[in-house]
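First listed ligand is number 1; within each ligand, the first listed atom is number 1.
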Amino acid sequence: MKAYDVIIIGGGVHGAGVLQAAAAAGHSALLIEKHSLASGTSSKSSKLIHGGLRYLESGQLSLVRESLKERAIHLRIAAELVELKPFFIPVYGDTRRRPWALNVGLSIYALLGGFGRAMRFGAVPRREWGNLDGLKTQGLDTIIRYHDAQTDDAMLTRAVVQSALELGAEVLMPADFVGASLEENGVEVTVSAGAVTRKLTARVLVNAAGPWAPQVARAVVPGIFVPNVDLVQGTHIVLPHPLTCGIYYVESPSDGRAVFLMPWRGATMVGTTETPFSGDPDDVRPLPAEEEYLLDVARHYFPALRRFTPADITERFAGLRVLPAASDAAFDRSRETIFSTDREPRPRVLGIYGGKLTGWRAAAAQVLDRIGPSLPAARRRAATDQLILRRPQ
Ligand SMILES: Cc1cc2nc3c(=O)[nH]c(=O)nc-3n(C[C@H](O)[C@H](O)[C@H](O)COP(=O)(O)OP(=O)(O)OC[C@H]3O[C@@H](n4cnc5c(N)ncnc54)[C@H](O)[C@@H]3O)c2cc1C
């Protein structure tokens, strides 16, 4: 039976990050993915490497600070994959977030980000309003510009796995995690790849299965604690119209939620929604009502997009957020990553629930800290905040 220090379930950005962090720390590590890398949530995000300006509204200051730190690290180690972009917030007479509130928020954002060029913000001069991709100017009071970063989420995930492979890590794919049994000093893991079922052992099993994480946790015997989480669907649509100046951060005219319009492969990507989801995560699909909602936002702010109907959508995709179970609106719930272990201080299973694309490296570092006492001594090969991520072939 082949033995590893760490076996990771899930080839999304979190699984990729833990694979890289484990290999960089000198451990033997294997990642198991049932479809292909980033086939889950990590190819369905808004593709922003950002501090999350709107999380200031729900007081998540430490999350914003850490995310801005990670954004700065990405701009240094993943310059081929992550690009700083101008973001425009148009404020009309009826916009709920008023200029003073946005300026206060952006000042806090700049403070948490340590100031510097990438944290600059200010009003766009009125003479430039007409050059912003045909943004509606009727009723416009001001436009505020700041900066955040955009990536290709699936490509970033593959780049992290490539970096892990260069450090000696392994990937088994496509292969399905079937179950695991806890032993005194580790875990026996059952995996099926095609017609073949294999047994492997690990000191620690890391459950990075995103929205499937509760399913994976329930397949561990004897049973372990499974955090109470909700799945909330988010849809994006792509419209065949180029957007060139930057990313627009607007309010939905129907409910005031923040929605992004972003340049994406020569077209316009609009997202996202927050729709409660129950059922099998494999079945998540964009809903017609979500597409109409996003089209309404696009048509409201860009007269050139008024001609588009659902039949014009060139691409649509939906992903699932994993949020702490609660009765309040998804918009206001914590985006902090939840780590859950079977025991302390020497866990055999660690589950990652929720989190952000932006925070994958910091989350992976925390995972390695938590599982460190269960792992054999090893010689560190690299530090993940120094490893350059390249565009995968
Ligand atoms: C709509 C939306 C927009 C978002 N936008 C942003 C954003 O702009 N910026 C940001 O920072 N964050 C964003 N996020 C959050 C971010 O996308 C997620 O935090 C991140 O992608 C989660 O990655 P993950 O690795 O945990 O899960 P996933 O990417 O879902 O990976 C889990 C993997 O596990 C695999 N798996 C499941 N079961 C098994 C099994 N039994 N055996 C083997 N493999 C299995 C799946 O195939 C899948 O590939 C967004 C999320 C959503 C839903």
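Near Trp212, with a cut-off below 4.0 Å to any heavy atom, the atoms of ligand 1 are 30 (O), 37 (C), 38 (N), 46 (C), 48 (C). Each of the following atoms of ligand 1 lies closer than 4.0 Å to a heavy atom of Ile32: 43 (C), 44 (N). Near Pro211, meaning under 4.0 Å from any of its heavy atoms, are these atoms of ligand 1: 30 (O). Listed by atom number, the atoms of ligand 1 under 4.0 Å from Ser39 heavy atoms are 47 (O), 49 (O). For ligand 1 and Arg321, the ligand atoms under 4.0 Å from any heavy atom of the residue are 1 (C), 52 (C), 53 (C). Applying the 4.0 Å criterion to heavy atoms of Gly210 picks out, from ligand 1, the atoms 26 (O), 27 (O), 32 (C). Heavy-atom proximity to Ala208, at under 4.0 Å, picks out these atoms of ligand 1: 32 (C). Residue Gly319 has at least one heavy-atom neighbour below 4.0 Å for each of these atoms of ligand 1: 53 (C).
Protein heavy atom closest to atom 5 (N) of ligand 1, with residue, atom name and distance, is Ser46 N, 2.9 Å. At the top of the distance list for atom 34 (O) of ligand 1, counting protein heavy atoms only, stands Gly10 CA, 3.2 Å. Taking atom 29 (O) of ligand 1 as the reference point, the nearest protein heavy-atom neighbour is Ser42 OG, 2.6 Å. At the shortest separation from atom 30 (O) of ligand 1 among protein heavy atoms lies Thr41 OG1, 2.6 Å. For atom 39 (C) of ligand 1, the nearest protein heavy atom (residue, atom name, distance) is Lys34 CD, 3.7 Å. The protein heavy-atom contact nearest to atom 41 (N) of ligand 1 is Asp176 OD1, 3.0 Å. Considering only non-hydrogen protein atoms, atom 13 (C) of ligand 1 sits nearest to Lys356 NZ, 3.6 Å.
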For this session: Apply side chain to side chain contact (heavy atoms under 4.5 Å, CB included) to Phe177 and Asn207, showing your working.
Result: CA-CA 10 Å; Phe177 166 80; Asn207 173 3; over 6 Å; no
For this session: Any chance you could lay out the side chain to side chain donor-acceptor pair (under 3.5 Å) test for Thr384 and Arg361, step after step, and finish with the verdict?
Result: CA-CA 7 Å; Thr384 60; Arg361 200 201 60 82; 3.0 Å; yes
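Between the side chain of Ser43 and the backbone N or O of Ala38, at least one donor-acceptor pair lies under 3.5 Å. With Ser374 contributing its side chain and Val204 its backbone, the two residues share no donor-acceptor pair below 3.5 Å. Of the possible polar contacts, none joining the Glu33 side chain to the Leu172 backbone as a donor-acceptor pair under 3.5 Å is found. No side-chain donor-acceptor contact under 3.5 Å links Asp230 to the backbone of Leu323.
For ligand 1, none of its N or O atoms has an N or O atom of His35 under 3.5 Å away. The N/O atoms of Gly355, backbone and side chain alike, include one that comes under 3.5 Å of an N/O atom in ligand 1. In terms of N/O distances under 3.5 Å, ligand 1 is not approached by Lys44. Distances between N or O atoms of His14 and those of ligand 1 include at least one value under 3.5 Å. When only interatomic distances are considered, the shortest N/O to N/O separation between Ser36 and ligand 1 does not fall below 3.5 Å. For ligand 1, the polar-atom distance check finds an N/O of Glu33 within less than 3.5 Å of one of the ligand's N/O atoms. Considering backbone and side-chain atoms alike, Gly234 places every N or O at 3.5 Å or more from each N or O of ligand 1. In terms of polar-atom proximity, defined here as any N/O pair under 3.5 Å, Thr235 makes no such contact with ligand 1. In terms of polar-atom proximity, Thr272 is not counted as a contact of ligand 1, lacking any N or O under 3.5 Å from an N or O of the ligand. Any N or O atom pair closer than 3.5 Å counts here, and Phe177 shares at least one such pair with ligand 1.
Which of Leu357, Thr157, Leu48 comes nearest to atom 9 (N) of ligand 1 through a heavy atom is settled by distance: it is Leu48. Nearest to atom 14 (N) of ligand 1 by heavy atom, out of Gly179, Ser45, Ala175, is Ser45.
Salt bridge status for Asp255 with Arg96: absent, with no side-chain N to carboxylate O gap under 4.0 Å. For the pair Lys85 and Glu83, the salt-bridge criterion is met [side-chain N within less than 4.0 Å of a carboxylate O].
A cation-pi arrangement is absent between Lys47 and Phe260, since the terminal nitrogen or guanidinium carbon is not both under 6.0 Å from the aromatic centre and inside a 45° cone about the axis.
When each of Phe121, Phe88, Phe87 is tested with Tyr146 by the rule ring-ring contact (aromatic ring centres under 6.0 Å, His included), just one qualifies, namely Phe87. Partner of Arg71 under the side-chain contact (heavy atoms from CB on, under 4.5 Å) criterion, chosen from Val82, Leu48, Leu84: Leu84.
Remark: distances from the non-hydrogen atoms of Gln233 to ligand 1 are all 4.0 Å or more.
Taking the six-membered ring for Trp and the full ring otherwise, the centers of Phe302 and Tyr248 sit less than 6.0 Å from each other.
Taking every heavy atom of both residues into account, Ala213 and Tyr353 meet most closely at CB-CE2, 3.6 Å. When all heavy atoms of Ile143 and Leu132 are compared, the pair lying nearest together is CD1-CD1, 3.6 Å. Between Ala318 and Gln233 the shortest heavy-atom distance is CB-NE2, 3.9 Å.
When side chains are defined from C-beta on, Leu305 counts as touching Leu261, because their heavy atoms get closer than 4.5 Å.
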